Amino acid sequence: MCFLTSWLIIPMGEPVRFTSWGIVSGLFWVPGGWAGIYGIRTAGLAVAAGTWSSMIVLTSFFWGIFVFEEHVKSKLGACCACCTLIMGLVGMSMFSKPSTKGKDIEEEGDKKGIQKKRELVTLGDEEDNEAVRKRIHSSQDLKAAINNRGSLTERGGAKKIQKKKKVKSGIQIINGGGSAPSSLNLTALEMESLIEKDTFNSPTNPEMKKISVFGYQLSKRQLGITASLFNGLWGGTNMIPLHYAAQEGYGGPSYVISFACGSMIICVVCWVLRFLFELYRLDGSIAKACHALPPFHVRQMWIPGAISGFLYSSGNFMCIISVTYLGQGVGYSFTQASMLISGLWGIFRFKEIEGRDRILKWLLSACVAVAGILWLSYEHA
């Protein structure tokens with residue numbers, strides 16, 4: 001969508017021009033965006049967005065004030081304003097994180113429901129076995145019961161499978177029937193052979209929690225926070241090439257098409273590399289490699305995706321204008337105030353931030369962030 005909407009600047013009177021600095025911006029922006037999405041999925045939106053927003057303010061301020069030597073009234077005052085803005089962003093991130101109390105109650109209810117279903121199945125098995133025991137009065141009856149245990153197991157297994165299908169994803173069916181045990185005690189032992197807890201996908205499984213990265217063991221949450229840091233440090237420098245492009249006459253709206261085309265080129269290259277990796281992993285099978293690529297979900301996502309892309313492209317256009325005329329240190333730092341808007345949507349529309357205490361703390365943090373923005377704008381010369 002960024003590529004499609006970039007051409008809307010032509011009716012504004014901008015000529016179609018391209019600079020290779022747009023590819024450099026795409027090289028920063030696309031991998032950083034992917035890392036940011038992974039950070040949201042593993043560390044949560046509040047933590048991930050707060051992390052990369054803070055890092056973007058730091059990197060932008062460093063590049064603008066200390067590398068490009070943009071003019072400010074006082075470097076000390078600008079640094080204090082930057083720290084104030086970061087404190088506000090961190091506070092908004094902390095207090096916009098959803099409470100885990102409701103989630104813990106729901107998980108506890110799921111556990112109790114699973115245990116209750118297990119008890120009901122065990123009770124039903126005991127009743128069936130008790131009926132068999134009452135019919136055994138001699139050795140001949142015992143022999144006949146043992147010879148007929150296969151049909152008993154099949155009926156019991158079918159009953160258990162029907163009941164276990166209602167149990168939630170914490171329980172996995174691993175055996176439909178199987179051979180009968182060597183005795184008539186078909187209660188607890190047989191039930192445990194039919195179902196077992198899905199320990200591999202459980203969040204308590206160490207194999208799922210820890211991922212080896214360059215010899216270091218990191219949990220998924222830690223890896224998500226690391227990805228958010230990467231998005232802030234790497235992806236947050238996507239406007240640095242604009243400083244050099246502006247010296248060649250590509251500042252402001254003139255840089256929009258270059259940025260969009262460069263980002264599209266990098267995105268296509270990344271997809272091709274992913275396809276080649278899948279092709280190598282799947283022994284040269286083109287069909288399997290195409291199937292292994294992430295789906296686009298076009299039918300489900302084209303409307304919300306188009307709206308999101310249009311809104312982001314509009315904001316990105318204004319971001320380019322801001323950096324061109326206010327500088328990297330001040331202009332790009334201002335754009336991280338977008339957390340204010342998303343937080344207000346979360347409070348008043350989506351009800352993501354609940355509780356009077358949390359809302360007041362978030363609003364206080366927002367006031368600190370606004371104070372940092374106003375202070376930073378005052379320091380701009």
Side-chain angles (χ1 to χ4, degrees), residues 21 24-33 35-36 39 46-94 96 225-247 250-252 255 259 312 315-343 364-381:
W21 287 110
V24 180
S25 289
L27 187 61
F28 287 117
W29 182 56
V30 174
V47 175
T51 300
W52 77 54
S53 294
S54 302
M55 296 309 300
I56 286 175
V57 172
L58 280 176
T59 54
S60 299
F61 187 80
F62 174 80
W63 277 91
I65 304 302
F66 298 102
V67 178
F68 299 147
E69 296 184 350
E70 297 172 351
H71 296 290
V72 291
K73 294 180 180 179
S74 170
K75 286 188 176 182
L76 179 60
C79 289
C80 293
C82 180
C83 292
T84 303
L85 175 57
I86 291 175
M87 285 192 298
L89 293 174
V90 172
M92 287 191 293
S93 174
M94 290 176 56
S96 62
I225 295 175
T226 304
S228 301
L229 288 171
F230 175 80
N231 184 29
L233 292 171
W234 181 266
T237 57
N238 66 85
M239 290 296 168
I240 299 298
L242 175 59
H243 175 81
Y244 301 100
Q247 296 176 358
Y250 288 91
Y255 191 69
F259 181 91
Y312 180 83
N316 190 60
F317 173 76
M318 296 301 176
C319 179
I320 291 175
I321 301 297
S322 175
V323 173
T324 300
Y325 296 106
L326 296 179
Q328 179 73 27
V330 177
Y332 202 38
S333 298
F334 280 178
T335 63
Q336 302 313 306
S338 58
M339 284 192 66
L340 291 169
I341 306 301
S342 60
L364 180 61
S365 300
C367 291
V368 173
V370 171
I373 292 173
L374 295 176
W375 191 355
L376 199 58
S377 63
Y378 171 76
E379 295 295 335
H380 182 260

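Bear in mind that the values here come from a model prediction, so they are computed numbers and not experimental data.
One distance of note links NE2 of H243 with CZ of F68; it measures 4.5 Å at 0.5 Å rounding. One distance of note links OG1 of T237 with CG of L242; it measures 12.5 Å at 0.5 Å rounding. Here the OH-CD1 distance, from Y332 to I240, works out to 9.0 Å after rounding to the nearest 0.5 Å. One finds the CE atom of M55 at 4.0 Å from the CG atom of L233 (value rounded to the nearest 0.5 Å). Atoms OG1 and CH2, from T84 and W375 in turn, are 5.0 Å apart once rounded to the nearest 0.5 Å. Here the CD1 atom belonging to I86 is positioned 3.5 Å from the CG atom belonging to L58, to the nearest 0.5 angstrom.
For P241 against V24, the heavy-atom pair with the smallest separation is CG-CG1, 3.6 Å. A pairwise comparison of heavy atoms in F259 and M239 identifies CE1-CE, 4.2 Å as the closest pair. When all heavy atoms of L376 and S333 are compared, the pair lying nearest together is CD2-CB, 3.8 Å. Shown here for S54 and V90, the closest heavy-atom pair between the two residues is OG-CG2, 3.6 Å. The nearest pair of heavy atoms linking N231 to G32 is OD1-O, 2.8 Å. Looking at every heavy atom in both residues, G39 comes nearest to A227 through N-CB, 4.3 Å.
Side-chain contact between T59 and W234: absent, with no pair of heavy atoms (C-beta onward) separated by less than 4.5 Å. Side chains of L85 and F61 form no contact here, defined as non-hydrogen atoms less than 4.5 Å apart.
For the side-chain contact (heavy atoms from CB on, under 4.5 Å) with E379, the qualifying choice from C82, C79, C80, S74 is S74, the only one to do so.
Around atom CZ of F62, no more than 12 heavy atoms belonging to other residues, nucleotides or ligands sit under 6.0 Å away. Enclosure of atom CZ in F66 by more than 12 non-hydrogen atoms of other residues, nucleotides or ligands within 6.0 angstrom is indicated.
For the pair S93 (side chain) and L89 (backbone), a donor-acceptor distance under 3.5 Å is absent. Judged by distance alone, with hydrogens and angles left aside, the side-chain atoms of S53 form no donor-acceptor pair with the main-chain N or O of G50 at under 3.5 Å. Remark: side-chain polar atoms of S60 are not paired, donor with acceptor, to backbone N or O of V57 under 3.5 angstrom. In this structure, the side chain of E70 engages the main chain of G329 through a donor-acceptor pair within 3.5 Å. In terms of modelled atom types and a separation under 3.5 Å, the side chain of S322 and the main chain of M318 share no donor-acceptor contact.
Two rings, from Y312 and W29, have their centers less than 6.0 Å apart.
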Please step through side chain to side chain contact (heavy atoms under 4.5 Å, CB included) for the pair M92 and L340, ending with a clear verdict. CA-CA 8 Å; M92 287 191 293; L340 291 169; 3.6 Å; yes

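Defined by atom type and a distance below 3.5 Å, a donor-acceptor pair is present between the side-chain atoms of Y255 and S25.
Taking the six-membered ring where the residue is Trp, W21 and Y244 present parallel rings, their angle staying beneath 30° rather than reaching 60°.
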